[in-house]
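These notes are about the structure you will find just below.
Just so it is clear: chains get the letters A, B, ... in the order the sequence lines come, proteins before strands, and each one is counted from 1.
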Amino acid sequence: MNEAAPQGGEPAAPRRTGARDPQLSSWFESTARQRLAGLLDGGSFSEILGPEQRELSPHLRQFGLPPAFDDGMIVGRGRLAGRTVLVAAQEGRFLGGAVGEVHGAKLVGLLRAVRSMAADARALLILFDTGGVRLQEANAGEVAIAEIMHAMLQARAAGATILGLIGGRAGCFGGGGLIAACCSGLIVSEQGRIGVTGPEVIESNQGVEEFDAADRALVWRTVGGKHRRLIGGADAFAEDHAESFRSAAIALLERPCRFDLEVTVAEHARLRERLARLGDADDAWAIWARLGVADPTRVPDMPAPEFLELVARLQDERRDAR
Amino acid sequence: METLSFRHTAAHALAGARAHALVGVVGSGNLEALFERVLDGNACVVEVVTAVAGYGAVWSEVIADFVQRYSPGGLRICIHDGGARPDTVALRLAQGVSLMADDHE
């Protein structure tokens, strides 16, 4: 172990290779557009409502904030290993990827459009990078989250596969966490964080004894990608580059994906059982130990290949999360 | 927030076939710039919406220098600025011109 590495393990530093190849540069450090370029088949992305269409937020100017030409949400279509997919990518650097009126409406429109694809080929990928609803347009943002979830469930009922990819710098929180929970499957990297209430909000509401948001190792082992993968909150683990997200997405798209009453009832039973078994654990380490991890404190420092072997060994602990 | 507009006549029209290009992101210390080949001849217009008011003179200098260096005739450039430093602005403008000068659409 590197002497300089923080004790207890923050996630490995994002790759800073400076590589020109969009498939190999760090997903965490990339912009939403760079992620799309690395994820999809080369040159296959075509944008819907691109920046030159100027669908700007009607609200931000009132707060003295410059808008973004794409409102932090890039939507379009492309190909993944030859298969046509719809894609939506949030730009985490613009207002923390927060969901406003236009941002949300673009995703709702895309989710409705997936139902007009051929019945056996309905696929949509959401590249999450968001802290949740945009405070400057809170009501419109909250409504957008509800509309997105409604459109997602309609699309899934129509047979669509909706995959969420999480590994951006803003993580996936607030309404973003709710949307992620409505996906058919999630792919997460070690740097990816998934939750509803973020660490800082928990600390300010419940006190530092409940949750110390400054303790980065605690934050990552509670909401980070490895924990989500181990407890069945995410379906695949990717390394911090587009090539790894890409191969995980191709594999998950091949998996049959049902969405009906039987699946939902089974999922609720699984969550109830998980809560009964793990609900009194006071730290992720205790949860990992109960899941059968021999040395839980090693998990944060574990290199990806070793972590993937561990996940494979614990296979029956992570039955299909949805 | 402040809105600024600069109009220049470049030495010549910018070569290339691309109709538009976007560079950068509106974030702290960063900016996005949308380049569009929509003006006649050698005209170049730069419109700036910036979160930080009071730096019109600096913007004017940076953009005049950019027009002189790259001769971006025919381009309308719209900037949303999150408080980028002048060197970052100059780099983004150069990055956009290099994309627009591409022969591929």
So for A:Leu56, is it side chain, backbone, both, or neither that comes closer than 4.5 Å to the heavy atoms of chain B? side chain
B:Asn30 portion near chain A, given a 4.5 angstrom heavy-atom threshold: neither
Is it true that A:Arg54 and B:Glu36 make a salt bridge, defined as a side-chain N closer than 4.0 Å to a carboxylate O? yes
Checking B:Val49 against chain A: side chain, backbone, both or neither under 4.5 Å from a heavy atom? both
Quick one: what part of B:Ser28 sits under 4.5 Å from any heavy atom of chain A, side chain, backbone, both or neither? neither
Rounded to the nearest 0.5 Å, how far does CG of A:Leu60 lie from NE2 of B:His80? 10.0 Å
Flag yes if more than 12 heavy atoms outside A:Asn139 fall under 6.0 Å of its CG atom; otherwise flag no. no
Heavy atoms under 4.5 Å from chain B: which residues of residues 38-53 of chain A carry them? A:Pro51, A:Glu52
B:Met1 versus A:Pro66, closest heavy-atom pair with distance: SD-N, 3.6 Å
With chain A, which of B:Ala53, B:Cys78, B:Gly27 has the greatest number of heavy-atom pairs at distances under 4.5 Å? B:Cys78
Using heavy-atom distances under 4.5 Å, tell me whether A:Arg33 contacts chain B through its side chain, its backbone, both, or neither. side chain
Flag the pair B:Leu22 / A:Asp70 as yes when at least one side-chain heavy-atom distance between them is below 4.5 Å, and no otherwise. yes
Is the CG atom of B:Asp40 crowded by more than 12 outside heavy atoms at less than 6.0 Å? no
Can you name the nearest heavy-atom pair linking B:Glu32 to A:Phe69, along with the distance? OE2-N, 2.6 Å
Heavy-atom pairs under 4.5 Å with chain A, option from B:Val26, B:Ile79, B:Thr3 with the top count: B:Val26
Flag if over 12 foreign heavy atoms under 6.0 Å of CZ, B:Arg69: no
